[in-house]
Amino acid sequence: MKSSLVGQAVILAALALLPAAGEAVYFRDKISWRSAIAPSEMVTVDQAREWSENAIWVDARPDEEFASDHVPGAILLNEDHWNDLLPQFLAVWVPGKKTVVYCSSLSCNASREVARRLRKEAQLSDVFVLEGGWEAWLKKNR
Amino acid sequence: MNQTPNAERSTLNVELSAGATTSNAKHERLYILWRILDFVLAAVFLFAGLSKMFDLDALLADLTHLRFGDALVHFQQLSVASPVEFASGIDNFKLVPWPVSVALAFYLPWLEIFCALGLMFRLLYRGALTLLITLMVVFTLAITAAKVRGLDITCGCFGHASQHWSFPNHLATNLTILAALLALSFSYRAKKHL
């Protein structure tokens, strides 16, 4: 009885594997298995600085961290106050400019989420996530 | 007037048969109730699986506001959701490396759908129940661990529908589903022993 229970579970688990594998093949170009962010959507501090006036910096960290310090000229846009902050960002956004989103460090998710929402909800293109976030920017600018 | 032994036996038989009929009717009613619970849980897991695969936002908004005409239009325009979103949701828990999050993002929705079909059609039923109970225990432990570690997570358990759920909301939903699955599992075992 016990083995048949396990057997049933294994059959179901194996059945689910087949379409999942198919889906993985279908999406092979749309998702990276190495990093949460596709390499084409990442930008290093040096690359972003080269864009200089052609880039809008977006700070995705909480309000207090932004108030404490931020990249000069950066605009606050975090998920805590998304509905209030998005119109403020869109008011200064200029078509053709690149948007660079950053959060605290390499391990934070906020910049990834804000970048995703800017692409999806605000339909913006040229939105990049800063590799290493605020920590990386500080290192290069000390 | 005295009853003969045969007449007594006949009365007893009628009573026994009436008792059996009542008991059968009771069992039938119970069976129907358990089947309803099967379907409700199957619907929950079908929705959980499909909401991770398709962008159901517009469709759900229409159905919530009873705009069935618009819902039909949005149903025809249903677009496939990017697995990156669900993979990011799993990654937010900081429990597994990114490649595992990606693999789970492809695999978990299908597992939920197959288990839901198992519940619905009573195929591989005990296996489906066991897998779903295991999944719910793991999900509940994962969201609790995330809360304890102070992670601000978007679980994505039910796609965008659950995006802004609070921790108590998540926990209550998970525990309710888990309790219902355990009830189904115990009722199935009890029936086997009868």
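Chain letters run A, B, ... following the sequence lines, proteins first, then strands; residues in each count from 1. These figures come from a predicted structure and were not determined experimentally.
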Colleague: Strictly less than 4.5 Å between heavy atoms, which residues of residues 101-110 of chain B line up against chain A? Please order them by number.
Modeller: V102(B), A103(B), F106(B), Y107(B), W110(B)

Colleague: Side-chain heavy atoms under 4.5 angstrom apart, residues restricted to Ile, Leu, Val, Met, Phe, Trp, Tyr: same cluster for F128(A) and L130(A)?
Modeller: yes

Colleague: Measuring from atom CG of L12(A) to atom CD1 of I113(B), what distance do you get when rounded to the nearest 0.5 angstrom?
Modeller: 12.5 Å

Colleague: Taking a hydrophobic cluster as the set of Ile, Leu, Val, Met, Phe, Trp and Tyr residues connected by side-chain heavy atoms closer than 4.5 Å, whether directly or through intermediates, do V138(B) and L171(B) fall within one such cluster?
Modeller: no

Colleague: Same cluster or not: I36(B) versus L132(B), using hydrophobic residues (I, L, V, M, F, W, Y) connected whenever any side-chain heavy atoms lie under 4.5 Å apart?
Modeller: no

Colleague: With a 4.5 Å limit on heavy-atom distance, are the side chains of R112(A) and S88(B) in contact?
Modeller: yes

Colleague: Roughly how far apart are L5(A) CG and T130(B) OG1, rounded to 0.5 Å?
Modeller: 4.0 Å

Colleague: Considering all heavy atoms of both residues, which atom of R126(B) and which atom of S4(A) are nearest to each other, and what is their separation?
Modeller: NH2-OG, 2.6 Å

Colleague: Let me know if A87(B) has heavy atoms under 4.5 Å from chain A in its side chain, its backbone, both or neither.
Modeller: side chain

Colleague: Out of curiosity, does W51(A) fall in the hydrophobic cluster containing I56(A) (side-chain heavy atoms, cut-off under 4.5 Å, transitive links)?
Modeller: no

Colleague: Does any backbone or side-chain atom of L131(B) lie under 4.5 Å from a heavy atom of chain A? Answer side chain, backbone, both or neither.
Modeller: side chain

Colleague: Working to the nearest 0.5 Å, report the span between CG of L124(B) and CG of L15(A).
Modeller: 7.5 Å

Colleague: How many angstroms lie between atom CG of L17(A) and atom CZ of F114(B), to the nearest 0.5 angstrom?
Modeller: 10.0 Å

Colleague: Does F167(B), at its CZ atom, have more than 12 non-hydrogen atoms belonging to other residues, nucleotides or ligands within less than 6.0 Å?
Modeller: yes

Colleague: Can you tell me which residue pairs pass the salt bridge (charged side-chain N to carboxylate O under 4.0 Å, His left out) test with a partner in residues 30-41 of chain B, sequence neighbours excluded?
Modeller: R35(B)-D38(B), D38(B)-R122(B)

Colleague: Could you see if V73(B) belongs to whatever hydrophobic cluster contains L66(B)? Use Ile, Leu, Val, Met, Phe, Trp, Tyr and a side-chain cutoff under 4.5 Å.
Modeller: no

